[in-house]
Every structure is written in structure tokens, then in C-alpha cells.
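A short worksheet on the structure shown next.
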Amino acid sequence: MESYLQEIIRQALLEIGAEENQIPPIKIEKPRDPSHGDAATNVAMLMAKTLRNNPRNIAEQITAKIRSDSSKVKTAEVAGPGFINFRFADDYLYSELASILEKNTEYGKSSENSGLKCLLEFVSANPTGPLTVGHGRNAVLGDTVARLMEWTGAEVEREYYFNNAGRQMRMLGLSVQARYLQELELDAGFPEDGYEGAYISDIAKELVHEHGDSLANEADETVFKEKAEKVIFDDIQNSLKRMNIVMDSFFNEHTLYEDGSIQKVIDTFRGKGLAYDKDGAVWFKTTEFGKDQDTVLVKSTGEPTYRLPDIAYHANKLDRGYDLCLDIFGADHIDTYPDVINGIEVLGYDKSKVEVLVYQFVTLMKDGKPFKMSTRKANFVTLDELMDEVGEDVTRFFFLMRSPNTHLEFDVNQAKEAGEKNPVFYLQYAHARIQSILRKVTELEAFDGSADLSLLNHESEISLIKKLMSFPDAISGAASVREPHRLITYLNELAQGFTSFYHDCRIIGTEKNLMHARTMLAEATARVLANGLGILGISAPDKM
RNA sequence: GCGCCCGUAGCUCAAUCGGAUAGAGCAACUGCCUUCUAAGCAGUAGGUUUCAGGUUCAAGUCCUGACGGGCGUACCA
């Protein structure tokens, strides 16, 4: 439809004397206010200067010249300061509705990103403890962006990047070891910066159960660290699975040391004069890229800072041939990822292939008060605890319903509310309602799934059809800006459109042909709701 | 101090990469269940989009400067 409109407008512009090269890209958009029509363009206003005429006059001339196919476009009118509003022909709506039903579970897919190989890196929490609420937003955002990209044709791989070496993990091992010895009543004290969570004791108890006291004389923490890593990783994957998230690959930072790519980064930087030694450390000249200070790549202890492997990791990803590498980062990384981007540019990669989606922090609200969380100490809320309390669907939905770059207030009381206060159920309820109607219709008689759709001419029916038609746009819009909450906004409008149809137009008990036509409209609505909820990773129940 | 994000109804947030009369949910108020799920619907009220300038046919959106909040600003990840 869009390209059709662009073409007839272009023809009209040529007829009123515009030169081919004066015509700007003709933008067709959907007016916010449906009373303005189904599609609109501002091209007359854009042409005002070049044609030396006022926008309304130009718009009048264009509409006078437009020769449209009456089976597609009903009217073209000038409005406001010079908008041209189009109204679709009814026949066009009916044929679109039929095609929605035909495409079924595929409806909403587009091909704008087809052929795009995309690597989406997210979660990437080191295995030092269970996933927390903060990781939850990361995980759900990442997975949903992945699904959106897939629906627009991209080939997406989900990757989890982790580091199981280094100080953090050593501390984890020492903490488990200490708890283990305490279990055996061989009090060895507890490391100062150790992990105090109850899960550490659980792991220690498991070790006592499996090995008795045979590990009491271990020289170092290795055994304990390895056990902890395994247990915690299992736990993390289990949490992800509860949220319908399955990773395609796990990338261990350690491999970057083994294959020499870390060293290669340093060598290249040195070769270009962008790395140097000072005070026993290796520095990256980030001042060359507009930063206030240079930053350390390798500490004087010989240990690299996380930036260095991160640069090597991104180079590795690009070497694997992806067209787009998407990273999902919390706001605390906001100042550091430019180093990575600059780093890979220095290495000769195309930095436009790396894109970072930053999300702001989550505040958990309980009984009207913010719930303060500190890691390491025992008072954090794990994702599992949250899901136990409010359910998986609600958890996913709440993480998605706000724009990534605003702070998310997660109100546990509202989330626990099974009823009207909870926005998740509105969507699921609409779906369940339709399924209930569809069950009743098939109980009445065998329905072969064909109907005269032109009987659908009630105002509520027409606007519902139009809403269904804009589903693919809602998906590609949300995908292109990587903002899942836009899809939620759409689905809310759709569910609202359905409920007004539901109240205005009875299905069961009306004349048979009309009942069939309305059944098909309801079915298409359920289909779109289910497809949309599927992208959000939320269930679409048949009964509630 | 510097960098990034944010400031929209009483509260939590939308607003289709500059468009037409700034919209939802919650809270408040008024109605609606012998009819397909009331987890719902219809309606009322609620705004100088923090403030001051600027850019243009058009600014919540872009630019500059204040003010207010968040996150960074480590030889931590």
C-alpha cells in the first residue's frame, strides 16, 4: 500500500510541474488521530519552498491530479496546514483481513532484515551468584530484541559471555571453602570480601554430602570454585529457561588468552602508538578519542582490566562474520563501552557493526517503598524469587513495558495483583475471551472458515481490522529502534479495539453469515494477540 | 568539575527517528452483570510537557543556558 501511494503521489507531482530531482522521499505515515484518515503524507509542505507556493495550494493540486485505483483508495483529501489524507477502500480492508488469516502464525513477519546475521550478547553475568532483578531486565530485553529481529528476517544468535577466572571467582571459591570447613566445624574464618549469600552455604553442604570431610585438606580453593561454578551456572540457566530464554552459545573469556588474540590487541595498539607503558601498567591512549584520561589495559600486577578482553571479544565476534553485534548493557557501563568501540576501530573493524543498547536501572517497589539491594550481602532479590512471587509472564511483561532508557519501577504489589490493576492480564484476557467464543461457535455447528467479510461494516469492526493491519509495522518499528515496549503499546491498543468490538457487535446469536464473518475477525484478532505475546515471550492462554 | 540518561495528569509511564486537538494505566468520581469471560465497558475530572531563550510552515521531540534527579567518572567487573 505504501509504495502504491508513493507512486501515485509522485506521478501527480510530476504532472503539476515538479522536476524529478526535486521530489523528496515521500513519507507515508499513519495519522495519530484516526479521524484524519488511514494514511497521510506531508509532501506538500516539504515542496512548498521549491515550488514557491503555499502548502495547501500544492496539496490541492496534487489531490486533483491523483488517479487512484478505487479498489484501494476511497478518498484523498487536503487537511490542516497541507497534509494529504487517504482513506482506504473497504474492499482493500477485507482482502487484508483474509490474508492475515491465511498467514496465520507467520503474520507480522517482514523481510527488511533478511540476510542480516546478528549476534546478540546479553545477560553475560559471571557465575558468582544467582541472577538478580537487575540481570532480569537485561535478559528479557535481550531476548525480546532477538525475537523482534528474527521477526524482521534477521538470523540471530544469542550469546552469553562470561569469565570464570580472575579475582571474583577466586573469592567465590574461597567463600565456599570457608563454608565447607565451617560445616565440618573446622572453623577457618571467612574471607573479608567473601560472598555471604545463603547459596554459598548450600553449595558447601552439597560438597559435604558428596565428599564428606575428604576435601578438608585441599591446598587451594580450586575444587570449591569449580563446584560453585557448575552449580551456579545450572541455576542461572534454569532461571533463564523459566523466562523462555535459551542461549545459543556461551563464550568463555579465557579462550581469548589461549588463542593469543589479547596479545594481538596490545601489539596492534603499540604498533599504532596508541598503547604505552607507565608505572608498570599498559595504558590505552583514550585521550586520542576525546576522553579526559588515558585508561589502563593491563594492571601493574599483569592482570588485564576487563576492557582489554572485551575489545578482543568484539573483534572475535566480527571475525565470525556477523553484520551486526548487539550488546545489552546496564547504565553502569555507559561510560566504558566507547573504549571498546574505539578499540575495535583501531584494529581496523567497521565500528558501525557494533551497537550498544543501554538500559537504566530497576527499582523494586514493595508496599510503596523502594527495596534497596546490595549484591554480595544477603539482601538482594533473585530473579527466581521474583518469579515465584509474581509469575513468569508478569516478570517478563514488567521488564518490557517501559522504554529501556528510563528507570524502571517494578511495583511488586501491582504485579502480584491478579486483577484489574495488572496490565499483563488485559492482553491475555482478550485472547482467552476470544478463544472461549470460538469454542462456542464450533459447538453450535461445523464452521468451514469461510465467510463474506464485506458484512463487516460496523465502525468497531472497521477500526479493528485497521489495527490488525498495522501489526507488521508495529513489529518493524519496535525492532528498528530496539524498543520492545512499543509492541506492548500496540497490543494494548489492539486489545482495546477488540473489547469495543466485543461490546458493540455480538457474534453468537446474530444472523449466520454475519456471525461467520465476525468469527473470522475474532479469530484474526486472537492470532495477532498470540503472535505478539509470543514475541514478548508471554503465554497466550485459552482460558483464564 | 567532566561524561551519559532523564524531567510530560496526584503516582507510574506513552507519544510512530519535527507533524494536525499531548495519550494510557493506577488513584478519584458517576453509571453498566436474567445476553458470547465484569480480569470488562461507557463517561467525568485531572496539563503553561521543570524554567528561559533560539532554529521553521510546524517543537514534548532539535540547539544553547539554567534548575532538579539518576548513573558513571578505579591499576573493580
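Nothing here was measured: the structure is a model prediction, and the numbers come from that model.
For the C1' atom pair drawn from rU35(B) and rU21(B), the interatomic distance equals 37 Å after rounding to whole Å. When the P atom is compared between rU44(B) and rG25(B), the two are found 13 Å apart, to the nearest whole Å. Nucleotides rU61(B) and rG23(B) place their C1' atoms 15 Å apart, quoted to the nearest Å. Here, rA77(B) and rC62(B) have their C1' atoms 37 Å apart, quoted to the whole Å.
Put simply, CZ on Phe83(A) is 13 Å from P on rU16(B), counting in whole angstrom units. Summarising the geometry, the separation between NE2 on His407(A) and C1' on rC4(B) is reported as 11 Å, rounded to the nearest angstrom. Whole-Å rounding puts the Arg170(A) CZ to rC76(B) C1' distance at 13 Å. Atom P of nucleotide rA74(B) and atom CG of Asp294(A) are separated by 13 Å, given to the nearest angstrom. In this structure, the CZ atom of Phe397(A) is 12 Å from the P atom of rC26(B), given to the nearest Å.
Within the shown strands, rC6(B) is the pairing partner of rG68(B) under the Watson-Crick or G-U definition, both distances less than 3.5 Å.
A salt bridge links Glu355(A) with Arg482(A): the closest approach of a Lys/Arg side-chain nitrogen to an acidic carboxylate oxygen falls below 4.0 angstrom. Electrostatic pairing of Arg167(A) and Asp193(A) does not count as a salt bridge here, judged by no charged N lying under 4.0 Å from a carboxylate O. Salt bridge annotation for Asp277(A)-Arg270(A): present, with a cationic side-chain nitrogen under 4.0 angstrom from a carboxylate oxygen.
At a cut-off of 3.5 angstrom, counting only N and O atoms as typed in the model, there is no donor on one side facing an acceptor on the other between the side-chain of Thr305(A) and the base of rC75(B). Residue side chain Asn85(A) reaches the base of rA20(B) through a donor-acceptor N/O pair under 3.5 Å, judged by distance alone. Judged by distance alone, with hydrogens and angles left aside, Asp332(A) brings no side-chain donor or acceptor close enough to the base of rG72(B) to form a pair under 3.5 Å.
Nucleotide rC33(B) carries a syn base; the chi torsion (O4'-C1'-N9-C4 or O4'-C1'-N1-C2) is within 90° of 0.
Residues Phe233(A) and Tyr160(A) place their aromatic rings such that the two centres sit under 6.0 Å apart.
Mapped onto RNA chain B by nearest heavy atom, Ala39(A) and Tyr429(A) fall at different nucleotides, with Ala39(A) at the one closer to the 5' end.
For rA42(B), the base is not stacked against the aromatic ring of His503(A), per a cut-off of 5.5 Å between centres and 30° between planes.
Using cut-offs of 30° and 60° for the angle between ring planes, the Trp283(A) and Tyr276(A) rings count as parallel.
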